[in-house]
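So the structure is just underneath, and the comments pick up after that.
Whatever order the structure lists ligands and atoms in, that order sets their numbers, starting from 1. Here, residue 1 is the first one in the sequence, and each next residue gets the next number.
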Amino acid sequence: MTRTYRAVVIGGGVVGCSVLFHLARAGWKDVLLIERSELTSGSSWHAAGGFHTLNGDPNVARLQAYTVSLYEELERISGQSCGLHLTGGVMMADSPERMNFLRMTHARGRTLGMETELITPSEAKAMFPLMDETQFVGALWDPVEGHLDPSGTTHAYAKAAKVLGAEIELRNPVKEITQSPDGMWTLHTQNGPIRCEHVVNAGGLWAREVGRMVGLELPVLAMEHMYLLTEPMPEVIEFNQSTGRELVGVIDFKGEIYTRQERQGILLGTYEKACKPWSPVNTPWDFGHELLAPDLDRIAPSLEVGFRHFPAMERAGIKQVINGPFTFAPDGNPLVGPVQGLTNYWSACAVMAGFSQGGGVGLVLANWMTQGDPGHDVFGMDVSRYGEWATLRYTNAKVRENYSRRFSIRFPNEELPAARPQETTPLYDLMVAQNAVMGVTWGLETPLWFAPSAAEAQDIPSFHRSNDFAHVAREVKATRDSVGVTEIANFAKYEVTGPGAEAWLDHLMTNTMPKAGRLVLTPMLNDNGKLIGDFTIAKASEGRFLIWGSLGASKYHMRWFEQHLPQDGSVTVRRFHMDLVGLSVCGPKARAVLAKLVDTDVSNAAFRFMDFREMDVAAAPCMVNRITYSGDLGYEIWMKPSYQRRVYTAIKAAGAEFGIVDFGMRALLSMRLEKNFPTWFAELRPIYGPYEGAMDRFIKPQKPDFIGRAAAIRERDEGPRRRRVSLVIEAGTADVMADEPIWARVGDTDYGTIGAPHGYGAPRFDAAGAEVAKPDPARDGDWRVVGWVTSGGYAHYVGQSMAQGYLPAALAERGEAGLFEVEIMGERRPARIALEPPFDPQGERMRM
Ligand SMILES: Cc1cc2nc3c(=O)[nH]c(=O)nc-3n(C[C@H](O)[C@H](O)[C@H](O)COP(=O)(O)OP(=O)(O)OC[C@H]3O[C@@H](n4cnc5c(N)ncnc54)[C@H](O)[C@@H]3O)c2cc1C
């Protein structure tokens, strides 16, 4: 008889075992893990076992901290040792630019309550005496780092899952997956069919193939990766004996090296530039507990730097070189969550740091499956963050780029070149011909700013204001003083039609739906009352609505829409993607430009702020919204791509007499800053409630029902714990990027902190062996870290450095000077809250 389970996890690597454990811990007993061979038959068995907390995405960092804190519980439940060595680790900077990066990482760490510390090269040498400290300018100490036994840890998850009631079946590959009309999945395994409600792809090295079993091409690729193990080294033995301690872990960015103690020797791994994909198209099913042939030539340049930085290593005998494959998504973060377009097919793959991230992945996936919500902000690892443009070859190019840059500095104004251009609009070549510096939004080329000449049309990567500064300033000024035009294809656009469309949208969105010919702005909440979307909605006619949102969240939102569609077919949602493109014309002369191109009355009386019209623009059928993100008089004009060149050319010609300029995304974002407008992904994310996000105007609790209403009312009645604010900063030559801590002079008043201390850190010792007292990273005299920055930059028209971020609600109305500081690259700069938008506080320009 066919066995039936509530959920089956495919893959017995560290990730699959973690998912199984978390499902069982969440109360699902009727769950099975099915493994092709033995546990750890993919990449898990030959991992170097390192773990750490730091990650460029603070939400992913939080989940890494969770993973590390889980190991003690796992050992307790399973009785199986994870072989934990919590040594702490140092990241070494060899240049001032890298030191800036470490300062920034340290400052961001405060936001998370991390206990990192900036230290000198000599202090680092005291913890890892094999280094030549003269090669470095500084270091960052992180106590929450170490290494473990990969196989023991995977088995600990598996045993703990079994203790909690889950089942594991070994030596039984899944060969095919089908779904019956009732939604149940059938896994066709070597030993016969197994039915289940939910299927989890934790196939690791074969995740791509397990995806293909249901017609998916997941953006995941395995890369070869090498580390070497030395014979016992006298320097290591001497350090262990004299201090009674183990060496700490070290990351040497310059050498693309990570290294740590392994027994009495050293383990040293590289992320070499000349990296190599493994099985780029098909992964062989007969690959088992095998290693790949070492290729020392490939890592020779890294070793050369390594030997210079750690001279004792050159004298050490190499005991073994491990070369094994493991998988990456294009941005190096996992692919987790329900797959859009499929019911109950869950992804838990592309986990490149299974021993830092596996616990977090298991936790959020189990939350999602058992409660309908991940319980954390996981967009950084959500499988929906990739669209159809992330094809096999795209993934190949991007994964290689990401691997080779694993230890490279990523500057905030840096756009990476691999796999470009992938998607373009019909204006692409016109924009490039006008010296546009292009960036990428969700695979699409988008103009960022316009240079005066082709030779100058490139960003100089920097943490400081860079070569675009004066040009973006010029674009903003010309637009605000007269008129500018920009491409806005990089919005998501949807059409909702059908007799049930209005009622359905009313149930999904917090705001009331507009009358025909009008627009509304509206957040969307999940059942817990957290922000999961922010849209502009137009009612075109009865039963027909247009929606604009974040392009990067296209699949994320489609997944939600599809999950909530009524079964009776009364509502249809269509995602346009690049079948609808757009142009935004803004500035005080925008109406004069539009009026020359239409036969419709676009006077302020006839075409009001927040109106929507379908009209011909330059003879092309278009939809026009009287609203723009610049916060100025302006229009968003939407058309089929086949008309875009025509409309653009006509706008430029009509605007010539007013000195119309092309402006890019950076100018648009600068203009929204001085209007205190929030952005999706930065200020508005699923960790915030609508009142926390200061979206009060767009929440209509008087509506009888909408998803998240009860939770939103609770948040309003209890008062939000924190609140979104805009800040004006006395910055130097650098503006904020994101995640910088906000300090406040609060003395002993406790407004609540936002950091989540790990409570799990390795002690640090000085050269004499004395334990170094832990600093409180969130306190300094009367000053305390009370909040964090979500985004910011330079507001060019008002000439101020600005940021948005979150503060405890009790501080959010305090507009006085001298109360706040924002830490930008290690320097605390005075800041004050902008209670009103610095540009046009009454919003008269939008309505003029
Ligand atoms: C050399 C090297 C060093 C590394 N160092 C570190 C490190 O220091 N720290 C760290 O965190 N990570 C490290 N990693 C990465 C780490 O190994 C991976 O993140 C982790 O193993 C991913 O685990 P997984 O469960 O996703 O995949 P895998 O370990 O690949 O497991 C997938 C499992 O699924 C099974 N499977 C696949 N298809 C089917 C099917 N159709 N039916 C049944 N079963 C199936 C496979 O047999 C396999 O057992 C390293 C990797 C390598 C190669």
Side-chain angles (χ1 to χ4, degrees), residues 8-20 32-52 64 67-68 89 145-151 153-154 157-158 168-177 187-191 194 199-213 220 222-229 249 251 258-260 262 267 269-271 278 283-292 294 320-328 332 334-336 347-362:
V8 175
V9 179
I10 303 175
V14 64
V15 175
C17 291
S18 169
V19 173
L20 189 75
L32 169 76
L33 182 146
I34 187 158
E35 165 54 46
R36 187 180 68 98
S37 175
E38 305 296 331
L39 294 182
T40 74
S41 289
S43 52
S44 296
W45 73 276
H46 49 240
F51 62 80
H52 55 94
Q64 294 187 182
T67 302
V68 178
E145 278 192 34
H147 59 98
L148 45 64
D149 165 16
S151 174
T153 302
T154 308
Y157 276 119
I168 294 180
E169 187 166 318
L170 302 177
R171 297 175 289 283
N172 186 17
V174 175
K175 305 225 168 213
E176 202 188 327
I177 304 176
L187 309 185
H188 302 272
T189 77
Q190 185 168 279
N191 301 342
I194 300 175
V199 55
V200 179
N201 176 356
L205 290 179
W206 295 267
R208 195 179 44 185
E209 282 68 20
V210 174
R212 286 176 188 158
M213 291 180 190
V220 54
M223 299 293 291
E224 293 193 13
H225 182 70
M226 268 179 279
Y227 64 83
L228 51 88
L229 297 163
I251 288 180
Y258 63 90
T259 181
R260 65 164 172 86
E262 173 69 22
L267 177 155
T270 69
Y271 279 88
W278 178 73
T283 313
W285 286 105
D286 58 358
F287 185 78
H289 267 76
E290 295 162 49
L291 289 173
L292 308 171
Q320 195 184 3
V321 179
I322 307 281
N323 185 11
F326 69 123
T327 54
F328 295 78
L335 298 171
V336 180
S347 171
C349 62
V351 184
M352 62 78 54
F355 299 95
S356 301
Q357 300 177 331
V361 168

| How many angstroms lie between CD1 in Ile10 and CG in Asn201, if you round to the nearest 0.5 Å? | 6.5 Å
Taking a 3.5 Å cut-off between nitrogen or oxygen atoms, can you list every pair linking ligand 1 to the protein, with distances?
unit_1: ligand 1; atom_1: 5 (N); unit_2: Ala48; atom_2: N; d: 2.9
unit_1: ligand 1; atom_1: 8 (O); unit_2: Gly49; atom_2: N; d: 3.1
unit_1: ligand 1; atom_1: 8 (O); unit_2: Gly50; atom_2: N; d: 2.8
unit_1: ligand 1; atom_1: 9 (N); unit_2: Gly50; atom_2: N; d: 3.4
unit_1: ligand 1; atom_1: 9 (N); unit_2: Gly50; atom_2: O; d: 2.8
unit_1: ligand 1; atom_1: 11 (O); unit_2: Gly50; atom_2: O; d: 3.4
unit_1: ligand 1; atom_1: 11 (O); unit_2: Gly354; atom_2: N; d: 3.2
unit_1: ligand 1; atom_1: 11 (O); unit_2: Phe355; atom_2: N; d: 2.8
unit_1: ligand 1; atom_1: 17 (O); unit_2: Ser43; atom_2: O; d: 3.2
unit_1: ligand 1; atom_1: 19 (O); unit_2: Val351; atom_2: O; d: 2.6
unit_1: ligand 1; atom_1: 19 (O); unit_2: Met352; atom_2: O; d: 3.4
unit_1: ligand 1; atom_1: 19 (O); unit_2: Gly354; atom_2: N; d: 2.8
unit_1: ligand 1; atom_1: 21 (O); unit_2: Ser43; atom_2: OG; d: 2.9
unit_1: ligand 1; atom_1: 21 (O); unit_2: Ser44; atom_2: N; d: 3.1
unit_1: ligand 1; atom_1: 21 (O); unit_2: Ser44; atom_2: OG; d: 2.9
unit_1: ligand 1; atom_1: 23 (O); unit_2: Ser44; atom_2: OG; d: 3.3
unit_1: ligand 1; atom_1: 25 (O); unit_2: Val14; atom_2: N; d: 3.2
unit_1: ligand 1; atom_1: 25 (O); unit_2: Val15; atom_2: N; d: 3.0
unit_1: ligand 1; atom_1: 29 (O); unit_2: Ser43; atom_2: N; d: 3.0
unit_1: ligand 1; atom_1: 29 (O); unit_2: Ser43; atom_2: OG; d: 3.4
unit_1: ligand 1; atom_1: 29 (O); unit_2: Ser44; atom_2: N; d: 2.9
unit_1: ligand 1; atom_1: 29 (O); unit_2: Ser44; atom_2: OG; d: 2.6
unit_1: ligand 1; atom_1: 30 (O); unit_2: Ser43; atom_2: N; d: 2.9
unit_1: ligand 1; atom_1: 30 (O); unit_2: Ser43; atom_2: OG; d: 3.4
unit_1: ligand 1; atom_1: 30 (O); unit_2: Leu205; atom_2: N; d: 3.2
unit_1: ligand 1; atom_1: 41 (N); unit_2: Val174; atom_2: O; d: 3.0
unit_1: ligand 1; atom_1: 42 (N); unit_2: Val174; atom_2: N; d: 3.0
unit_1: ligand 1; atom_1: 44 (N); unit_2: Arg36; atom_2: N; d: 2.9
unit_1: ligand 1; atom_1: 47 (O); unit_2: Glu35; atom_2: OE1; d: 3.4
unit_1: ligand 1; atom_1: 47 (O); unit_2: Glu35; atom_2: OE2; d: 2.6
unit_1: ligand 1; atom_1: 47 (O); unit_2: Arg36; atom_2: NE; d: 2.8
unit_1: ligand 1; atom_1: 47 (O); unit_2: Arg36; atom_2: NH2; d: 3.4
unit_1: ligand 1; atom_1: 49 (O); unit_2: Glu35; atom_2: OE1; d: 2.7
unit_1: ligand 1; atom_1: 49 (O); unit_2: Glu35; atom_2: OE2; d: 3.2
unit_1: ligand 1; atom_1: 49 (O); unit_2: Ser41; atom_2: N; d: 3.2
unit_1: ligand 1; atom_1: 49 (O); unit_2: Gly42; atom_2: N; d: 3.4

| query | If you round to the nearest 0.5 Å, how far is CZ of Arg36 from CD of Glu169? | reply | 15.0 Å
| query | OG/Ser37 to CG/Asn172 distance, rounded to the nearest 0.5 angstrom? | reply | 11.5 Å
| query | Is the closest side-chain donor-acceptor distance between Arg208 and Thr283 under 3.5 Å? | reply | yes
| said: Within this structure, what is the CD-NE2 distance for the pair Glu290 and His46, rounded to the nearest 0.5 Å? | reply: 10.5 Å
| side-chain hydrogen bond (donor to acceptor under 3.5 Å, both in side chains) partners for Thr259, two or more places apart | none
